Amino acid sequence: MTENALPRFDGSAFEGLSPEMLQAFDRDGMLVLEGLVSDADCDALMLRMGTILDAFDPAAHHSVFSSLSNAQGQEQYFLDSGREIRFFFEEEARDKDGRLKANFRASLNKVGHALHDLDPEFCAFSRQPAFRNIAQGLGIAEPLLLQSMYIFKPPRIGGEVTCHQDSSYLWSEPQSCIGLWLALEDATIENGCLWGLPGMHKETQPRSRYERLAGGSGAGDILLDERPWPVEECVPLEAARGTLVVLHGQFPHRSGANRSDKSREAYALHLIDGRCEYPATNWLRWGKDNSIYGFGNKVG
Ligand code: FE2
């Protein structure tokens with residue numbers, strides 16, 4: 001781990017956000033809580049993902065997720081993933097003959113976006129009191145669990161994620177999105193940790209909006225501010241296993257490609273406030289009753 005100037009807090013005996021934590025989140029737009037999740041819980045989540053992967057036939061579907069190409073924005077498999085557990089490969093997962101270069105787990109970009117509602121173990125983990133406590137401590141009076149992602153960032157082929165704000169993808173009016181990003185393995189500069197721009201969450205609105213495009217032509221970015229992000233000013237957010245990084249929805253962040261031989265698995269959960277409107281133009285939608293659930297025990 002390298003040093004950086006951002007404050008880090010001990011989350012191992014977490015009982016609520018302290019005034020210092022709240023001050024840091026307000027100033028920086030993010031908060032690092034080290035050791036918030038135990039090794040045993042990280043192990044359990046990773047093991048559970050293994051079981052989920054065992055039940056999926058990697059030959060059945062090949063959908064790629066890439067923040068560089070947005071090819072997924074035209075695919076129904078992705079567009080319908082709001083209420084499903086779906087599997088997205090890395091752009092470089094296959095060789096020129098179409099064969100996976102590595103095993104299934106080491107070929108995936110992510111699994112999303114409803115693990116927290118559909119899988120009992122992810123449901124229980126995602127609804128732990130500490131997460132509710134954090135959300136409510138940040139002023140989200142009626143936290144709703146909007147989406148979940150299990151991110152693999154596999155060795156050698158883990159793709160770069162370009163600089164973005166989560167609120168662009170999870171738009172509410174007013175903006176209320178927060179991200180809970182958990183390092184399931186040590187995230188370092190070498191294996192593609194998060195990087196971000198502390199303080200830049202205070203702009204009045206997100207710089208882009210990713211939404212359903214008119215005429216049923218998939219989903220894509222609507223630019224609201226054409227200035228490029230000053231990515232050279234990003235600071236690394238290295239995180240040891242068990243660290244929870246809380247992200248303000250307008251905190252600009254990115255992650256580098258993983259060219260190392262170590263994976264960098266993470267679990268990310270995004271919440272919004274049920275008091276806010278969630279416009280139908282959002283890319284992420286649900287089937288059946290079109291509901292977003294809170295911290296009650298929703299499964300199925
Ligand atoms: Fe993000």
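Note that the structure is a prediction, hence the values are computed from the model and not measured. Order of appearance sets the numbers: ligands from 1, and atoms from 1 within every ligand. All values below come from the heavy atoms of this structure, side chains included, with hydrogens, waters and symmetry mates left out.
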What's the shortest heavy-atom distance between [X] and [Y], and which atoms?
X	Y	value
C177	I272	CA-CG2, 4.0 Å
Q175	L170	OE1-O, 4.4 Å
D80	E84	O-CG, 3.3 Å

Does R48 make a cation-pi contact with F122 (under 6.0 Å, within 45 degrees of the axis)?
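Verdict for F122: no cation-pi partner in R48.
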Is any protein N, O or S atom closer than 2.8 Å to the Fe ion (ligand 1), and if so, which?
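Those protein N, O or S atoms (cut-off: under 2.8 Å from the Fe ion (ligand 1)) are H164 NE2, D166 OD1, H253 NE2.
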Under 3.5 Å, is there a donor-acceptor pair linking the side chains of H248 and D28?
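On atom types as modelled, these side chains do not qualify, holding no pair under 3.5 Å.
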Using a strict cut-off of less than 4.0 Å between a Lys/Arg side-chain nitrogen and an Asp/Glu carboxylate oxygen, indicate whether D43 and R241 qualify as a salt bridge.
yes
